[in-house]
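Everything below concerns the one structure shown next.
The structure displayed is predicted, hence computed values, not measured ones. Lettering follows sequence order; numbering is per chain, from 1.
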Amino acid sequence: MSGFAHAVGGQTWRFGSLRELLAKASPARSGDYLAGVAAESDAERVAAQMALAEVPLGHFLNEAVIPYEADEVTRLILDGHDAAAFAPVAHLTVGGLRDWLLGPEADEAGLRALAPGLTPEMAAAVSKLMRVQDLVLVAQKIRVETRFRNSLGQRGRLSTRLQPNHPTDDPAGIAASVLDGLLYGNGDAVIGVNPASDSLEAIGELLKMLDAVIQRYQIPTQACVLTHVTSSIAAIERGLPVDLVFQSIAGTQAANASFGIDLAVLREGYEAGLSLKRGSLGDNLMYFETGQGSALSANAHHGVDQQTCEARAYGVARRFRPLLVNTVVGFIGPEYLYNGKQIIRAGLEDHFCGKLLGLPMGCDICYTNHAEADQDDMDMLLTLLGVAGVNFIMGVPGSDDVMLNYQSTSFHDALYARQSLGLRAAPEFEAWLARMGILRQDGGRLILGDELPAAFRPALARLS
Amino acid sequence: MSDRSPTTENPWQQLRRLTPARIALGRAGASLPTAAHLAFQFAHAQARDAVHLPFEPAALQDGLHRRGLDSLLLHSAARDRDTYLQRPDLGRRLQADSANRLREQRAAHGGGRDLAVVVADGLSALAVQRHALPLLDCLLERLPAEGWSLAPVSLVEQGRVAVADEIGELLGARMTVILIGERPGLSSPDSLGLYFTFAPRIGLTDAARNCISNVRPEGLNYAMAAHKLLYLMGEASRRRLSGVALKDEAEVPRLDGAASGPGNFLLGEG
């Protein structure tokens, strides 16, 4: 294994491996300090970035950050590399790739064609050389469109996952949050519940309930109960109505093992979902969640920095043509992302890397109460991601998830982004909102009805 | 000039009784009205204050003394709150001085007690201040009757759950329970967690522990939490293990009455 060296400021800095170079070039964050892989000084970090900028992209095909023999994610990445797609940038260094991405050759079509030619480690590497504005500008050029019962990811659109969680999965409580969210124009990416219970019986009840609501009101969207992939497979075997198959994934085989999954079981879940043929407009049906720090928290990072591990999770995701990929950026806590600054940068890195690798990226713009972050930080990340063209965000009643005990974006936050950036819901859902008398949009102007829409009056009457 | 309110209320207020979620908040334009915005900010401020509230072991030590219990003031290897939040590994170990105090304690008084109780601030000193003594009262009522012996109570600043492993090992206790402040939620800044371990020693993982969470009057009450803990102690002593292999099957009647709500009102006739 070769090393890397860079002379700057009267000193020669040496880095023993690509893994070490990537880690030391990574912008500062608490998780990399916790892992003991971060640069020891600001100067060392920039020296590492300078050394990384000079590494030819082709080198990434010859030096794996986790050995090929030891990790099926590495094998997936290297065996699946598309040399023809890589050709336009094969002569470049990492620094050269940054310049190329910022230039006119990297347009929407060019970037779509390039995606299978880039490895996750290349994407992570170039992101480490980029400022926030670079991460926004390049991501904005890319569109990744997916379809199940509606069309997600088009330019000028911003979708939301309606997240109606309840501490005890009470059907009335969940229905109340679903209705509130729909009446605020949320829910086009998915109506997705995190169940409090992991019993298959309870999950089956939730699946039936969400399916019935979507059918009754003819909502052009899809449902998901965010449970383990093996539970979704079991639900499908029992004939339950599963739209999307959910799973949390990570960027190493060992971290995935800690989630109780491997590539084979993901494949099994994907094929089980396809067998139901429930999508009316398309068959993208996997819903993946990721987040920096998950490999380290499972002690399964192999000395690789958390942002590179995260990009490798996207290498897993893209093999399954997902409808939605959601980086749950601030959920993991301050030992991985300490404050608003680190969360904001990580959210933009994840969105950029995912899009560059061809994924329909969304972001759970979120934080916990022990992180040094607040609503202002979330507003900044929301605004930046809106400009960057994020496919979807969360819609949580009043930002307060009363089941998972963290704060995310609210129904109102989504309307803020739609107003201030002129973004609209998915076209089929937008038409439904207008038809139902819930919401009409004229550019940045939102016209919300003052009355309860007629279709929902009988439901509320049942409560009185 | 209009004297109309600049906010719009949602005509679905009756949904609010169905969930603790923040629904039907109304809107100013399409944004959050001032009152709802400030209510959220206050809840977050309370949670933040709970995370940063300094642990004041003196009052606790005093309370323990009045109950006839000896206690030891200890500190984790995390020197301050910022370090604690970023270095969970340091919060799991004792400072050298604290470890030495425990060695001296054991040399002077011997080990072999059934239970070492540890109280640590964790992520909410507020939870510990409010709930540690009332919970211990429930426990002390029943411990002697069931024949359990107690090591001195350890009070740990900047402690994480696993610090109890080191304390239990150094005191030579058969079991430990740590009472620790949980990560504050917006509606629950003072939730106390209990983690129980049989045969504590440095290096155990969460798989060796049993957790009783959300202990507070609005969650799991003190008597019920003490009942569950005593059940775990009995089972662990009998089977000589704790953790995932030891399920919590303590008979616990539901207190909330599990009121059956109206169900999914979005469906049905009409």
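Between the A/Gln419 side chain and the A/Tyr416 main chain, no donor and acceptor come within less than 3.5 Å of each other. With hydrogens and angles ignored, the 3.5 Å screen pairs a side-chain donor or acceptor of B/Ser124 with a backbone N or O of B/Ala127.
Within the 4.5 Å cutoff, no side-chain heavy atoms of B/Glu166 are placed close to those of B/Pro200. Considering only heavy atoms from C-beta on, A/Val193 comes within 4.5 Å of A/Asn165 through its side chain. The closest side-chain heavy-atom distance from B/Phe196 to B/Ile212 is not below 4.5 Å. At a threshold of 4.5 Å between non-hydrogen side-chain atoms, the residues A/Thr160 and A/Asp188 count as touching. Side-chain contact check for B/Leu135 versus B/Leu194: some heavy-atom pair is nearer than 4.5 Å.
A/Leu404 touches chain B through its backbone: at least one of N, CA, C or O sits under 4.5 Å from a heavy atom, while the side chain does not. Only the side chain of A/Phe456 comes within less than 4.5 Å of a heavy atom in chain B; its backbone stays farther off. Proximity to chain B is absent for every atom of A/Ala414, based on heavy atoms less than 4.5 angstrom apart. Using a 4.5 Å cut-off between heavy atoms, A/Asp374 touches chain B through backbone and side chain atoms alike. No part of A/Ser410 comes within reach of chain B, as not one of its non-hydrogen atoms sits under 4.5 angstrom from that chain. Contact annotation for A/Leu460: both backbone and side-chain heavy atoms come within less than 4.5 Å of a heavy atom of chain B. For a residue to count as touching a neighbouring chain, one of its non-hydrogen atoms must lie under 4.5 Å from one of that chain's; by this rule A/Glu451 touches chain B with the backbone only. Only the side chain of A/Pro167 comes within contact range of chain B, judged by heavy atoms closer than 4.5 Å. For B/Ile23, the parts lying near chain A are the backbone and the side chain together; criterion is any non-hydrogen pair under 4.5 Å. For B/Arg81, no part lies near chain A; criterion is any non-hydrogen pair under 4.5 Å. If you measure heavy-atom distances from A/Ala371 to chain B, the contacts under 4.5 Å come from the backbone alone. Heavy-atom distances place both the backbone and the side chain of A/His370 under 4.5 Å from chain B.
Per-residue counts of heavy-atom pairs under 4.5 Å with chain B were compared for A/Thr368, A/Asp401, A/Asp400; the largest is that of A/Asp400. Among the candidates A/Asn369, A/Leu34, A/Val178, A/Asn405, the residue making the largest number of heavy-atom pairs closer than 4.5 Å to chain B is A/Asn369. Across B/Ala47, B/Pro189, B/Ala30, the residue that shares the most heavy-atom pairs under 4.5 angstrom with chain A is B/Ala30. Chain B forms the most heavy-atom pairs under 4.5 Å with one residue out of A/Leu439, A/Asp413, A/Leu183, A/Leu446, and that residue is A/Leu183. Ranked by non-hydrogen atom pairs under 4.5 Å with chain B, the options A/Tyr406, A/Tyr33, A/Tyr367 are led by A/Tyr367. For the options B/Leu90, B/Leu18, B/Asp89, heavy-atom pairs under 4.5 Å to chain A are most numerous at B/Leu18. The residue among A/Pro164, A/Ala176, A/Ala461 with the most heavy atom pairs within less than 4.5 Å of chain B is A/Ala176. Heavy-atom pairs under 4.5 Å with chain A peak, among B/Gln86, B/His52, B/Arg87, at B/Gln86.
In this pair, A/Tyr184 and A/His412 present their aromatic rings tilted. The plane angle is within the 30 to 60° band.
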Ignoring hydrogens and angles, write down the donor-acceptor pairs under 3.5 Å from the side chains of residues 332-341 of chain A, residues two or more places apart or on other chains.
from: A/Tyr338; atom 1: OH; to: B/Asp82; atom 2: OD1; distance (Å): 2.8
from: A/Asn339; atom 1: OD1; to: A/Lys341; atom 2: N; distance (Å): 3.3
from: A/Asn339; atom 1: OD1; to: A/Gln342; atom 2: N; distance (Å): 2.9

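The two atoms that bring A/Val213 and A/Ile219 nearest to each other are O-CD1, 4.0 Å, heavy atoms only.
Within a 6.0 Å radius of CZ in A/Arg457, other residues, nucleotides and ligands contribute more than 12 heavy atoms. Counted within 6.0 Å of CD on A/Glu201, heavy atoms from surrounding residues, nucleotides or ligands total 12 or fewer; the atom is thus considered open.
Checked for salt-bridge contact, B/Arg209 and B/Asp165 meet the test: a charged N lies under 4.0 Å from a carboxylate O. Taking 4.0 Å as the cut-off between side-chain N and carboxylate O, B/Arg79 and B/Glu157 do not count as a salt-bridged pair. Looking at B/Arg27 and A/Asp450, a side-chain N of the basic residue comes within less than 4.0 Å of a carboxylate O on the acidic one, giving a salt bridge.
A donor-acceptor contact closer than 3.5 angstrom is absent between the side chains of A/Asn186 and A/Gln163.
Chain A is approached within less than 4.5 Å, heavy atom to heavy atom, by B/Phe40, B/Gln41, B/His44 from residues 33-46 of chain B, ordered by number.
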